[in-house]
*Asks:* 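Take this structure, written in structure tokens, and hold onto it; I'll ask about it next.
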Amino acid sequence: MEKRIVVLDLSEGSAKILIGTQIGGNPIIAYSDTRDISAFFQDGQLVDKEGLLSALNQMKEITDPITHVSISVNNGACYMAPALGLTVFQVPETTNVVSNENEIGRIDISNLHSKILKNEFPGGMKIVDIIPDYFILSNGEQYANPPLGKISPSLSVNAKVHCLPETAFSTYTRAITETGLRILRISVAPLCQAEYFKTY
């Protein structure tokens, strides 16, 4: 089963877009493009918003005469955020299982996620991504993946919460959304790169 992937990376002074598919859990790259955006920033601050918006708009409608690729990415993209001021917090959280039979379902995973989002972090840091380390049942059993279908009156998680300063986060996300591009998911670039290398 193929799943289309569109990824936008705004880091290291460049805007990169990658389009491909996912087959059997592995990414297959069909097209990529890079634009230099370093002139639009100074000391990490956006100084030429119109220049950045122009560069991003040019990457939304892709026509490559060599590969004959013609793609519109207006449906949305995953955004790889630059790790400017990245801070990682270790957060434990617990929720009671909703089911009367104590069977763990997707709603319980969502409840854990929602409880983590309610945490406040020093300096007004903005939560960018939540990466579970492991899930824990009430009897102490641990699982790397969500233990859907397991029986337990409660479910806990130990998770790494990736946070960025509000200004660093909003500068890029506002620019992306002002082009009309919908952000489907956000993760920090170093984590995405590490996950990609795992597929080799």
Side-chain angles (χ1 to χ4, degrees), residues 3-20 22 27 29 31-60 62 71-91 93 110 112-133 157-199:
K3 180 181 179 182
R4 181 175 167 185
I5 302 170
V6 178
V7 179
L8 180 64
D9 176 6
L10 303 181
S11 61
E12 300 172 1
S14 61
K16 310 175 194 80
I17 193 162
L18 179 147
I19 299 171
Q22 183 175 326
I29 299 171
Y31 178 84
S32 65
D33 188 19
T34 302
R35 306 284 174 102
D36 183 10
I37 59 171
S38 58
F40 310 140
F41 293 86
Q42 186 174 351
D43 299 325
Q45 300 296 316
L46 180 62
V47 294
D48 184 356
K49 183 177 178 182
E50 293 306 313
L52 177 61
L53 290 175
S54 175
L56 293 177
N57 275 314
Q58 290 172 31
M59 300 178 85
K60 283 171 51 186
I62 298 162
I71 300 173
S72 171
V73 296
N74 280 325
N75 288 338
C78 299
Y79 167 45
M80 292 170 54
L84 299 171
L86 172 67
T87 304
V88 180
F89 297 93
Q90 190 75 36
V91 177
E93 197 58 79
S110 295
L112 279 175
H113 189 267
S114 297
K115 291 185 81 170
I116 292 174
L117 288 175
K118 291 177 182 176
N119 279 271
E120 293 186 5
F121 297 99
M125 300 290 280
K126 176 76 175 176
I127 295 177
V128 175
D129 205 358
I130 300 170
I131 312 296
D133 288 324
V157 67
N158 275 2
K160 288 184 175 64
V161 180
H162 293 185
C163 297
L164 293 175
E166 174 65 35
T167 51
F169 177 80
S170 61
T171 294
Y172 288 97
T173 54
R174 280 195 199 125
I176 294 169
T177 54
E178 281 185 35
T179 67
L181 187 62
R182 189 162 55 100
I183 298 174
L184 304 177
R185 177 176 171 145
I186 304 176
S187 291
V188 291
L191 174 68
C192 297
Q193 291 158 358
E195 290 298 316
Y196 178 65
F197 287 137
K198 285 183 186 178
T199 68

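Heavy atoms only: backbone and side chains are in, while hydrogens, waters and symmetry mates are out.
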*Asks:* Just by distance, no angles: are the side chains of Ser54 and Gln58 close enough, under 3.5 Å, to form a donor-acceptor pair?
*Replies:*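 Note: Ser54 and Gln58 side chains meet the donor-acceptor criterion.
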*Asks:* Looking at side-chain heavy atoms only, is the closest gap between Asn57 and Met59 below 4.5 Å?
*Replies:* no
*Asks:* Just verifying a value: how many Å separate Ile131 CD1 and Asn158 CG, rounded to the nearest 0.5 Å?
*Replies:*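 Separation between the atoms: 14.0 Å.
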*Asks:* At their closest point, which heavy atom of Leu52 faces which heavy atom of Ala175, and how far apart are they?
*Replies:* CD2-CB, 3.6 Å
*Asks:* I'd like to know whether Ile130 forms a side chain to side chain contact (heavy atoms under 4.5 Å, CB included) with His113, so could you lay out the CA-CA distance, the side-chain angles of the two residues, the decisive distance to 0.1 Å, and finally the verdict.
*Replies:* CA-CA 8 Å; Ile130 300 170; His113 189 267; 3.6 Å; yes
*Asks:* Is the shortest heavy-atom distance from the side chain of Val7 to the side chain of Ile17 under 4.5 Å?
*Replies:* no
*Asks:* Contact between Thr171 and Phe41 at the side-chain level, heavy atoms closer than 4.5 Å - yes or no?
*Replies:*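 A side-chain contact under 4.5 Å exists here.
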*Asks:* Going through the checks in order, is the side chain to side chain contact (heavy atoms under 4.5 Å, CB included) test met by Ile183 and Leu181?
*Replies:* CA-CA 6 Å; Ile183 298 174; Leu181 187 62; 6.0 Å; no
*Asks:* Between Tyr172 and Leu84, is there a side-chain heavy-atom distance shorter than 4.5 Å?
*Replies:* yes
*Asks:* What are the two closest heavy atoms between Asp36 and Gly13, and how far apart are they?
*Replies:*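 The pair with the smallest heavy-atom distance is OD1-O, 3.1 Å.
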*Asks:* Would you say that Met80 contacts Val188 through its side chain, given a criterion of any heavy-atom pair below 4.5 Å between the two side chains?
*Replies:* no
*Asks:* Of the non-hydrogen atoms in Val157 and Pro132, which two are nearest, and what is the gap between them?
*Replies:*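 So the minimum-distance heavy-atom pair works out to CG2-CB, 3.9 Å.
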*Asks:* With a 4.5 Å heavy-atom cut-off, do Leu8 and Lys16 have their side chains touching?
*Replies:* no
*Asks:* Is it true that Phe169 and Tyr79 have ring centroids separated by less than 6.0 Å?
*Replies:*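 For Phe169 and Tyr79, the ring centres are not under 6.0 Å apart.
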*Asks:* We want to know whether Asp133 and Gln90 form a side-chain donor-acceptor pair, criterion being a heavy-atom distance below 3.5 angstrom.
*Replies:*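 Yes.
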*Asks:* Do Val161 and Phe121 have side chains that get closer than 4.5 Å, going by heavy atoms?
*Replies:* yes
*Asks:* Quick one: closest heavy-atom pair of Thr177 and Arg174, and the distance?
*Replies:* OG1-O, 3.0 Å
*Asks:* Does atom NZ of Lys160 have more than 12 heavy-atom neighbours, drawn from other residues, nucleotides or ligands, at distances under 6.0 Å?
*Replies:* no
*Asks:* Can you find a pair of side-chain heavy atoms, one from Leu117 and one from Ile127, that are under 4.5 Å apart?
*Replies:* yes
*Asks:* Just how far is it from atom CG of Leu56 to atom CG of Leu10, taken to the nearest 0.5 Å?
*Replies:* 6.0 Å
*Asks:* Could you give the distance from NE2 (His162) to CZ (Phe89), rounded to the nearest 0.5 Å?
*Replies:* 11.0 Å
*Asks:* Is it true that Asp129 and Arg185 have a side-chain N and a carboxylate O under 4.0 angstrom from each other?
*Replies:*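 Between Arg185 and Asp129 there is a salt bridge, with a charged N closer than 4.0 Å to a carboxylate O.
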*Asks:* If you round to the nearest 0.5 Å, how far is CG of Asp9 from OG of Ser187?
*Replies:* 11.5 Å
*Asks:* Closest heavy-atom contact between Pro165 and Gly85?
*Replies:* CD-O, 3.4 Å
*Asks:* As a quick check of understanding, evaluate side chain to side chain contact (heavy atoms under 4.5 Å, CB included) for Asn119 and Glu93, giving each step before the final call.
*Replies:* CA-CA 10 Å; Asn119 279 271; Glu93 197 58 79; 3.7 Å; yes
*Asks:* Run the numbers on Leu53 and Glu178 for side chain to side chain contact (heavy atoms under 4.5 Å, CB included), then give the verdict.
*Replies:* CA-CA 8 Å; Leu53 290 175; Glu178 281 185 35; 3.8 Å; yes
*Asks:* Of all the heavy-atom pairs spanning Ile186 and Ala81, show the shortest one and how long it is.
*Replies:*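 The pair with the smallest heavy-atom distance is CG2-CB, 4.2 Å.
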